[in-house]
Amino acid sequence: TPPLLSPDEHAHLVRAYTLISGEWEMHTPAGRSTAAWVNPALAEFINVHRKRNRVAVGRSPGPPPTGAELVAAGNTSLSESAQPISISAPGAAVYPPIAYLPQGLGMGIARALHLPMASAYALARLVTLITSAAVLFAAFLLVTPSPLQLALLALPMSLFQMASAALDGFSTSMAVLAISLYQALPETQPRKQPLLHLSLVCSILVVVPARLHLWPLLILPFLAGRKLNSPWAGFINLASLSAVVIWVARVSRSTVDLRR
């Protein structure tokens with residue numbers, strides 16, 4: 001599919017870039033929405049393709065970018081020496097950069113190899129798709145999925161999001177993995193249960209701050225900890241819960257969204 005057709009995909013790309021730029025907490029310029037510093041090549045790629053998509057659906061006046069402009073934006077390579085540009089992405093400010101590991105890895109590889117922006121975007125999508133599929137495969141090895149679960153994952157929109165550079169595909173896969181880890185824990189050998197519990201906590205730390213409607217998943221480590229009957233499990237659970245609450249509260253308080 002053409003670039004940036006997924007809802008808010010441009011904002012997810014901006015947030016993913018902060019994983020390799022080191023700007024874990026985004027900034028808020030005076031009079032503007034919360035933003036992040038990104039490579040000029042990425043900013044131009046986003047601006048050109050967003051304009052094309054907005055003109056196509058009637059949300060923006062004026063002629064769409066020409067084919068030459070689209071090609072030029074895709075041929076510009078990511079360069080570490082380029083002066084970064086601040087681009088607004090308030091919709092993704094609350095999401096932790098760690099939730100964008102696949103996208104960040106793809107763009108990091110592209111920057112290291114000096115690939116053009118079009119290839120960097122394609123690589124980010126490819127790595128995200130492969131990672132999401134691998135996480136789902138691991139979840140299915142733990143617990144056999146139900147037909148309903150497979151049907152929901154096979155919905156056209158689910159497949160479309162999984163193949164995009166947005167957060168939805170990877171976060172959905174991590175949520176399925178978290179649930180599978182919890183279900184598999186009682187049937188696992190006692191010596192392996194602490195590892196599964198730790199994996200459950202790590203997966204929840206990735207997915208819950210990025211998907212606030214999945215906050216009920218935070219109860220799973222505590223339920224699993226009761227089965228382990230270990231003080232260390234309780235400490236890890238409280239630490240992870242505190243980390244999620246502190247991150248969301250801190251970032252939500254500093255995020256400014258002036259979009260209409």
Side-chain angles (χ1 to χ4, degrees), residues 1-19 21 23 26-78 82-95 97 99-100 102-104 106-107 110 115-129 155-172 210-213 255-260:
T1 57
L4 308 184
L5 287 183
S6 177
D8 288 332
E9 189 175 359
H10 70 284
H12 292 299
L13 277 178
V14 171
R15 194 58 171 128
Y17 189 81
T18 64
L19 185 63
S21 68
E23 189 183 8
M26 296 166 63
H27 64 279
T28 303
R32 288 178 52 195
S33 297
T34 300
W37 296 103
V38 301
N39 191 283
L42 175 59
E44 180 64 17
F45 185 83
I46 288 174
N47 291 334
V48 169
H49 284 279
R50 279 198 75 200
K51 182 179 180 181
R52 184 202 61 179
N53 295 338
R54 290 174 67 88
V55 171
V57 298
R59 296 185 60 186
S60 180
T66 64
E69 291 174 326
L70 293 172
V71 171
N75 287 338
T76 306
S77 63
L78 295 169
Q83 187 68 25
I85 295 176
S86 179
I87 184 169
S88 297
V94 72
Y95 304 148
Y100 293 94
Q103 296 91 332
M107 286 196 288
L115 297 179
M117 191 58 232
S119 299
Y121 172 73
L123 185 59
R125 290 179 59 171
L126 178 62
V127 174
T128 302
L129 176 61
L155 287 173
M157 181 54 72
S158 299
L159 297 176
F160 172 76
Q161 290 293 79
M162 193 169 294
S164 74
L167 180 64
D168 301 70
F170 183 61
S171 63
T172 298
R211 284 292 177 259
L212 301 186
H213 61 279
T255 299
V256 175
D257 191 349
L258 301 179
R259 294 176 298 175
R260 295 181 179 178

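Quick note: residue numbers are just sequence positions, from 1.
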Heavy-atom closest pair (R125 atom, A163 atom, distance to 0.1 Å) is NE-O, 2.9 Å
Compare every heavy atom of T128 with every heavy atom of A166, then report the nearest pair and how far apart it is.
-> O-CG2, 4.4 Å
So Y100 and Y95, would you call those rings parallel, tilted or perpendicular, with 30° and 60° as cut-offs?
-> tilted
What distance separates M157 CE from S6 OG, expressed to the nearest 0.5 Å?
-> 7.5 Å
Do Q103 and V127 come close enough that some side-chain heavy atom pair is under 4.5 Å?
-> no
Smallest heavy-atom separation, A93 atom then T34 atom, equals CB-CG2, 3.9 Å
Heavy-atom closest pair (L258 atom, G31 atom, distance to 0.1 Å) is CD1-O, 3.6 Å
Side-chain heavy atoms of W37 within contact of S21, under 4.5 Å | no
Checking E9 side chain against S164 main chain: does a donor-acceptor pair fall under 3.5 Å?
-> no
Of all heavy-atom pairs between S77 and A41, which one has the smallest distance, and what is that distance?
-> O-CB, 3.6 Å
Quick one: do L13 and V38 satisfy side-chain contact (heavy atoms from CB on, under 4.5 Å)? Show the steps, please.
-> CA-CA 10 Å; L13 277 178; V38 301; over 6 Å; no
Taking atom CD1 of I85 and atom CD of E44, what is their separation to the nearest 0.5 Å?
-> 8.0 Å
Residue pair P3 / R52, side-chain heavy-atom distance below 4.5 Å | yes
side-chain contact (heavy atoms from CB on, under 4.5 Å) assessment of Y17 paired with N39 | CA-CA 8 Å; Y17 189 81; N39 191 283; 3.4 Å; yes
Is there side-chain contact between M26 and R15, with heavy atoms separated by less than 4.5 Å?
-> yes
Between NE2 on residue H213 and OG on residue S171, distance to nearest 0.5 Å | 7.0 Å
Measure the CG-OG distance between N75 and S119 for me, rounded to the nearest 0.5 Å.
-> 8.5 Å
Measure the spacing between CG of L167 and CG of D8 and express it to the nearest 0.5 Å.
-> 11.0 Å
Hey, is CZ on R59 packed in by over 12 heavy atoms from elsewhere, all under 6.0 Å?
-> no
Dump the intermediate steps for side-chain contact (heavy atoms from CB on, under 4.5 Å) on M107 and L123, then the final yes or no.
-> CA-CA 7 Å; M107 286 196 288; L123 185 59; over 6 Å; no
d(H49 NE2, Y121 OH) to nearest 0.5 Å is 8.5 Å
Considering all heavy atoms of both residues, which atom of A99 and which atom of F170 are nearest to each other, and what is their separation?
-> O-CD2, 3.3 Å
